[in-house]
2 protein chains.
Amino acid sequence: MAAINNLKPTESELEILQILWEKGNCTVRDVHEILEKNKDAGYTTTLKLMQIMLEKGLVARDASSKTHIYRALVNQEKTQQHLVDKMIDNVFNGSAARMVMQALGNHTASKEEIDSIKKYLDGLSNQ
Amino acid sequence: MAAINNLKPTESELEILQILWEKGNCTVRDVHEILEKNKDAGYTTTLKLMQIMLEKGLVARDASSKTHIYRALVNQEKTQQHLVDKMIDNVFNGSAARMVMQALGNHTASKEEIDSIKKYLDGLSNQ
DNA sequence: ATTTGATTACGAAACAATTCGTAGATAAAG
DNA sequence: CTTTATCTACGAATTGTTTCGTAATCAAAT
């Protein structure tokens with residue numbers, strides 16, 4: 001499976017990756033119980049998704065005991081970067097600034113967040 | 001077609017919407033010639049996509065002459081906002097700040113862009 | 001009038017993503 | 001040992017997206 005594809009997980013795959021990125025090692029049941037909070041799907045659906053992700057190389061698993069243990073194989077930051085770049089291109093005509101302003105405009109960001117972004121930008125422009 | 005769905009166009013639909021947002025009124029051929037620069041697909045593919053977008057209510061058209069003239073029906077900013085919010089949620093665990101930093105980190109933004117964002121942030125925090 | 005070229009309409013194939021039912025394996029409990 | 005619960009494997013149905021071929025329509029050019 002080509003490495004480039006691994007940076008573009010589907011929506012369902014992303015939900016699972018988020019969990020794996022945060023938790024580290026998980027069984028299918030671990031993942032499924034977290035997923036269930038926000039959506040309803042059967043256990044075997046989650047299982048199947050994770051099996052497909054294994055085929056795609058998005059995750060790896062330890063199958064030495066009966067209950068397999070999964071972990072993310074793709075890098076969180078790289079994946080995020082790729083998706084954000086794609087959105088800038090695809091939705092904002094290549095303008096990162098426009099996306100940022102759109103993101104920060106609508107009460108999505110708290111004062112604290114905005115302050116930390118300012119600090120971050122100061123660091124950037126001093127380079 | 002429910003209004004909520006109109007905010008989540010597919011990737012191909014977004015490519016077309018971008019063109020319509022920028023150009024205003026377009027024929028299928030107008031759109032197709034611009035699309036062709038970046039991807040190759042047949043003319044009838046573009047036509048079909050735009051017909052489907054019509055059904056979904058993403059675009060409207062003037063069919064009074066033989067060559068129909070299309071325009072976007074969905075609002076650019078609302079659509080962008082929806083997609084960006086979704087990405088913040090889906091990819092960055094709800095943190096707008098994390099997404100912004102990721103977006104601005106990797107040479108995606110020029111100095112000018114960063115400056116204009118700073119000004120924008122100053123405006124925000126003075127409210 | 002006829003031909004030529006561009007257009008729309010439409011069906012269907014190809015592909016991908018999601019969902020779930022069922023069967024078989026394994027381990028734990030009785 | 002048998003039952004019960006949990007797990008994996010797998011096939012298949014469903015749904016959505018993208019692609020394109022073909023036919024019908026229309027207008028302009030010859």
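Computed from a predicted model, the values in this text were never measured in an experiment. Residue numbering restarts at 1 for every chain, and letters A, B, ... go by the order of the sequence lines.
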Would you indicate which nucleotide in C:dA6, D:dC20, C:dA25 comes nearest to any side-chain atom of B:R29?
C:dA6
What nucleic acid atoms does A:T10 come within less than 4.0 Å of, heavy atoms only: base, sugar-phosphate, or nothing?
sugar-phosphate
Is the closest side-chain donor-acceptor distance between A:S95 and A:N93 under 3.5 Å?
no
Against the side chain of B:R61, the closest entry in C:dA12, C:dT22, C:dA9 is C:dA9
Under 4.0 Å between any heavy atoms, over every strand shown, what does B:S12 touch: base, sugar-phosphate, or nothing? Just pick one.
sugar-phosphate
Write down the distance between NZ (B:K8) and C1' (D:dG16), rounded to a whole number of angstrom.
10 Å
Looking at the side chain of B:K66, which of D:dT8, D:dC26, D:dT18 is the nearest nucleotide?
D:dC26
Is there a side-chain contact between B:Q51 and B:Y70, using heavy atoms and a 4.5 Å cut-off?
yes
For the student: nearest non-hydrogen atoms of B:L49 and B:S12, plus distance
CD1-CB, 3.8 Å
How close or far is atom P of C:dC15 from atom CD of B:E11, stated in whole angstroms?
18 Å
Look at all strands and tell whether A:T67 reaches a base, only sugar-phosphate, or nothing, counting heavy atoms closer than 4.0 Å.
sugar-phosphate
Any donor-acceptor N/O pair under 3.5 Å between D:dT18 base and B:K48 side chain
no
Can you tell me the distance, in whole Å, between the NE2 atom of A:H68 and the C1' atom of C:dA27?
14 Å
Rounded to whole Å, CG of B:L17 lies from P of D:dT17 at a distance of 13 Å
Minimum-distance nucleotide (side-chain atoms of B:I52 versus D:dT18, D:dC20, D:dC7):
D:dT18
Can you tell me the distance, in whole Å, between the CG atom of B:D62 and the C1' atom of C:dT7?
15 Å
Using a cut-off of 4.0 Å on non-hydrogen atoms, how would the nucleic acid contact of A:Q51 be classed: base, sugar-phosphate, or nothing?
base
Are side-chain heavy atoms of B:D30 and B:K23 found at a separation under 4.5 Å?
no
Can you give me every donor-acceptor pair (side chain of residues 31-41 of chain A, partner residue at least two apart or in another chain, under 3.5 Å) with its distance?
unit_1 : atom_1 : unit_2 : atom_2 : d
A:H32  : ND1    : A:T46  : OG1    : 2.8
A:H32  : NE2    : A:E36  : OE2    : 3.4
A:K39  : NZ     : A:E15  : OE1    : 3.1

Between A:E13 and A:T44, the residue closer to the 5' end of DNA chain C by nearest nucleotide is A:E13
Between P on D:dT8 and NE2 on A:H32, what's the gap in Å once rounded to a whole number?
12 Å
Taken to the nearest whole Å, CE/A:M50 to P/C:dA17 is 18 Å
At less than 4.0 Å, is any side-chain N or O atom of A:Y43 found next to OP1 or OP2 of D:dT8? Yes or no.
yes
Over how many whole Å does the gap from A:L47 atom CG to C:dT19 atom C1' extend?
12 Å
